[in-house]
Structure formats: C-alpha cells, structure tokens
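Note that the structure is a prediction, hence the values are computed from the model and not measured.
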Amino acid sequence: MKSLIRLYILPTLLLFTLSFTGCLDNTGPDPDEDDPITYPHTQNPGLSANDFLSDESFTKLEVEIDYMPGVAPDEDALTNLKSFLELRLNKTSVSLMEPTQIPSSDQSTYTANEIRELEGQYRDHFTQEDDSTLRAYMIIVDGSYEDGSVLGIAYYNTSAAFFGGTYEQVSGPALNQPSRSLTESVSFRHEFGHLFGLVNISGSGTDMQTDHQDDEHGNHCTNDNCLMYYAMENSGLFDQFLGEEIPSLDENCVADLQANGGK
Ligand SMILES: [Zn+2]
Ligand SMILES: [Zn+2]
C-alpha cells in the first residue's frame, strides 16, 4: 500500500512549525515496531491525508469518540462534522460511533503527550490494513490545552483532541459569544482539516495548488474567511473572526484536497 510505505519513511521532524501552529502537535514518539496493529496510528498529523481523502486504500471511514464527564460532544456539532466528512472525502460511508464516556483525569490542563497516553488507554478501534475501513479517533477532555491557546489539536495521523474546558470559556449565551454548537462544529472540522494535510503539511501529499499558506501561523490558510484560518482554533481570537455560521473551506483549500484524492 503506497501510502503506508510513505508513513514509515517520513521524517518525524516537523517540530519547527510547532510554536506557530498551536493546534498541530507532531512531537509524538516513534512508532512501536512490536505493535500488533497493522496500520500505523502514531504518525504525524497529515500523513494519512490520502487515506482519508481518496478511496484508493479505504472506502469507508469510522470515527471513535471518547469524552470526559461534563464535556459530551454537542449532537449538532457531530452532525455537522459528519456532513463535512461526507462532502470532502471519497468514501461510500462515514460513520461516527456512539460517543463513550471515559473517566476524568482531574486536570485543568493537558499536554499533547498526556493526550497520547489517554489514547493508549482508551482507544478501542484501529485500522487494519486488510480492511476497507479507515478508523479515526477523537477525544474530548475536560480541561484546556497546556498553554490554553487552542480549542483542539491534531496529534497523530488519525487522531485529534478537543478541549472542553476551553469550549466553556469561549462559548456561551452572551450576545457576543458563539454558541457551544457552533464552537464545537468549527473546532471539529478545523482539526480534521489538519488530518487531511491542510495547509501544506509536509509529507501529507496535500500540496498547495496555489500559494495560500499563512507562513506566520504555520499550517494555516491566509484567508480570514476560511475554516483553516488560524484564528478558527485560537481561543483568544475565535469570537472576533467567527460569524454566525460555520466557515467553509475556501477554494484554495478545497483545490488542495481535490488534488490529493478528495472531493
Ligand atoms: Zn489549526
Ligand atoms: Zn483556506
């Protein structure tokens, strides 16, 4: 499988972007060679982009969802995520599994490595190479990211984490605050955008068809109306850039996905 070979040989040093991207953490450990799971799931975000986007290796997608007490995902946000995945991915079916509650770790903040440990503890479903279903994982924790700046992070090639504690801070009923549902919808879609290789993630195969990378902010789009604009996952800027609707991917981001097998 072409994409699998690519996953193994790619360097894991995308570290230079870390301080700029915030919502993309690629400092995980190298894959464990004794791991009985056949499809690598601890690679850098973006490296399974083609497996998400095209139907070459996998025709279906299934997403496992774990959440801590008090931060169950908003149902409308999950519906919005599903429609986004169906719109952009060449899959005959996309399914989100029934969210499962896991115990709280009783922390106010979580590091990316702590999130990885939680995945090791609680993730139940893994992609098998001889299967037609690609499996992804979402975890919603009850605190904030270590530096509090982001709503979510993509941290492995098929995994993203979301920070329920930060959702509580940025969303709410006040006039100038986005609703919880809108906040989660944008956040879920944005992090999956990174898993699809946006914007210009090295080794993802999702190459820019037109230059539109916001170099100052890592793997983000220059268009402030685009889902992949950096402020869309930044807890301090989120409400200032967000309108009343979920921002779409702009045409440049869509063109990049299409060039790597997406719709
Ligand atoms: Zn981002
Ligand atoms: Zn864009």
R189-S248 side chain donor-acceptor pair, cut-off 3.5 Å
no

If you group Ile, Leu, Val, Met, Phe, Trp and Tyr by side-chain heavy-atom gaps below 4.5 Å, do L237 and M232 land in one group?
yes

Using the rule given for side-chain contact (heavy atoms from CB on, under 4.5 Å), can you reason through L96 versus T79, listing the C-alpha separation, both sets of side-chain angles and the distance that settles it, and then say yes or no?
CA-CA 9 Å; L96 306 186; T79 303; over 6 Å; no

State whether Y156 and R116 meet the cation-pi test: NZ (Lys) or CZ (Arg) under 6.0 Å from the six-membered ring centroid, and within 45° of the perpendicular axis.
yes

Quick one: list whatever passes salt bridge (Lys or Arg N to Asp or Glu O under 4.0 Å) with K82, sequence neighbours left out.
E86

Please say which of S235, S144, S149, S171 ends up in a side chain to side chain donor-acceptor pair (under 3.5 Å) with T166.
S144

I need the L53 CG to L85 CG distance, nearest 0.5 Å.
10.5 Å

Check: N157 side chain, N44 main-chain N or O, donor-acceptor pair, under 3.5 Å
no

Tell me whether the count of non-hydrogen atoms from other residues, nucleotides or ligands lying under 6.0 Å of CD in E251 goes above 12.
no

Y39: which of T158, T127, D51 passes side chain to side chain donor-acceptor pair (under 3.5 Å):
D51

Between H212 and D256, does any side-chain donor sit less than 3.5 Å from a side-chain acceptor?
yes

Just checking E244: does its CD atom have more than 12 heavy atoms from other residues, nucleotides or ligands closer to it than 6.0 angstrom?
no

Nearest heavy-atom contact between I140 and G164 is CG2-N, 4.2 Å

So which atom in L182 and which in G243 form the shortest heavy-atom distance, rounded to 0.1 Å?
CD2-O, 3.7 Å

Using modelled atom types and a 3.5 Å cut-off, is there a donor and acceptor pairing between side-chain atoms of T206 and backbone atoms of F196?
yes

Audit row: H41, R123, side-chain contact (heavy atoms from CB on, under 4.5 Å) steps and yes/no
CA-CA 11 Å; H41 68 103; R123 182 171 180 175; 4.1 Å; yes

For H190 and H220: C-alpha separation, side-chain torsions, deciding distance, then whether ring pair (Phe, Tyr, Trp, His ring centres under 6.0 Å) applies.
CA-CA 10 Å; H190 180 100; H220 289 110; 5.2 Å; yes

So, for P69 and S104, which heavy atoms are closest and what is the spacing to 0.1 Å?
CD-N, 3.6 Å

Chi angles and distances behind the side-chain hydrogen bond (donor to acceptor under 3.5 Å, both in side chains) call for Y145, D25
CA-CA 11 Å; Y145 191 45; D25 188 289; 3.3 Å; yes

Which atom pair, heavy atoms only, marks the closest approach of G46 to I201?
CA-CG2, 4.3 Å

Tell me, with the steps shown, if Q128 and T38 meet side-chain hydrogen bond (donor to acceptor under 3.5 Å, both in side chains).
CA-CA 6 Å; Q128 303 297 332; T38 55; 3.2 Å; yes

CG of D131 to OG1 of T59, rounded to nearest 0.5 Å, is 8.5 Å

Is there side-chain contact between C253 and V199, with heavy atoms separated by less than 4.5 Å?
yes

With a 4.5 Å limit on heavy-atom distance, are the side chains of I65 and L78 in contact?
yes

Could you measure the distance from the CD atom of E146 to the CZ atom of F163? Nearest 0.5 Å is fine.
8.0 Å

Decide if the gap between the ring center of F192 and the ring center of F84 is smaller than 6.0 angstrom.
no

Mind checking whether L249 and L198 have side chains closer than 4.5 Å, heavy atoms only?
yes

CG of N252 to CG of N200, rounded to nearest 0.5 Å, is 11.5 Å

Between Y110 and D142, does a side-chain contact (heavy atoms from CB on, under 4.5 Å) hold up when you go through it step by step?
CA-CA 9 Å; Y110 291 84; D142 55 2; 2.7 Å; yes

ring-ring contact (aromatic ring centres under 6.0 Å, His included) with Y230: which residues, sequence neighbours excluded?
H217

In this structure, OG1 of T133 is separated from NZ of K91 (nearest 0.5 Å) by 9.5 Å

Checking S185 side chain against S181 main chain: does a donor-acceptor pair fall under 3.5 Å?
yes

Using the rule that two of Ile, Leu, Val, Met, Phe, Trp, Tyr join whenever any of their side-chain heavy atoms come within less than 4.5 Å, decide whether F241 and I246 are in one cluster.
yes

Where do D76 and E184 land on the side-chain contact (heavy atoms from CB on, under 4.5 Å) test, with the steps shown first?
CA-CA 9 Å; D76 290 338; E184 292 188 26; over 6 Å; no

Interatomic spacing from OG1 in T222 to CG in D211 - rounded to 0.5 Å
7.5 Å

Expected output: side-chain E75 to main-chain P73 donor-acceptor under 3.5 Å:
no

Distance-minimising heavy-atom pair for S204 and N260
O-ND2, 3.2 Å

Donor-acceptor contact below 3.5 Å, side chain E191 vs main chain A160:
no

Quick check: closest heavy atoms across P178 and L242, and the distance to 0.1 Å?
CB-CD2, 3.7 Å

Do I102 and Q121 come close enough that some side-chain heavy atom pair is under 4.5 Å?
no

Are M68 and L118 close enough that some pair of their side-chain heavy atoms sits under 4.5 Å apart?
yes

Donor-acceptor pair, distance only, cut-off 3.5 Å: does the side chain of D66 make one with the backbone of I139?
no

Are P247 and Y229 side-chain neighbours, meaning at least one heavy-atom pair lies under 4.5 Å?
no

Taken in chain and number order and not counting sequence neighbours, the residues that satisfy ring-ring contact (aromatic ring centres under 6.0 Å, His included) with F162 are F188

Residue pair N219 / Q213, side-chain heavy-atom distance below 4.5 Å:
yes

Sub-3.5 Å donor-acceptor pair from the side chain of K263 to the main-chain atoms of S54, do we have one?
no

May I ask you to check whether E114 and S105 show a side-chain donor-acceptor distance below 3.5 Å?
no

R135 side-chain N/O to E64 backbone N/O, donor-acceptor pair under 3.5 Å
no

Do L257 and M208 share a hydrophobic cluster, counting only Ile, Leu, Val, Met, Phe, Trp and Tyr and linking them when any side-chain heavy atoms are less than 4.5 Å apart?
yes

Same hydrophobic cluster for L87 and V186, using side-chain heavy-atom links shorter than 4.5 Å among ILVMFWY?
no

Got T92 and D55 here, is their nearest side-chain heavy-atom distance under 4.5 Å?
no

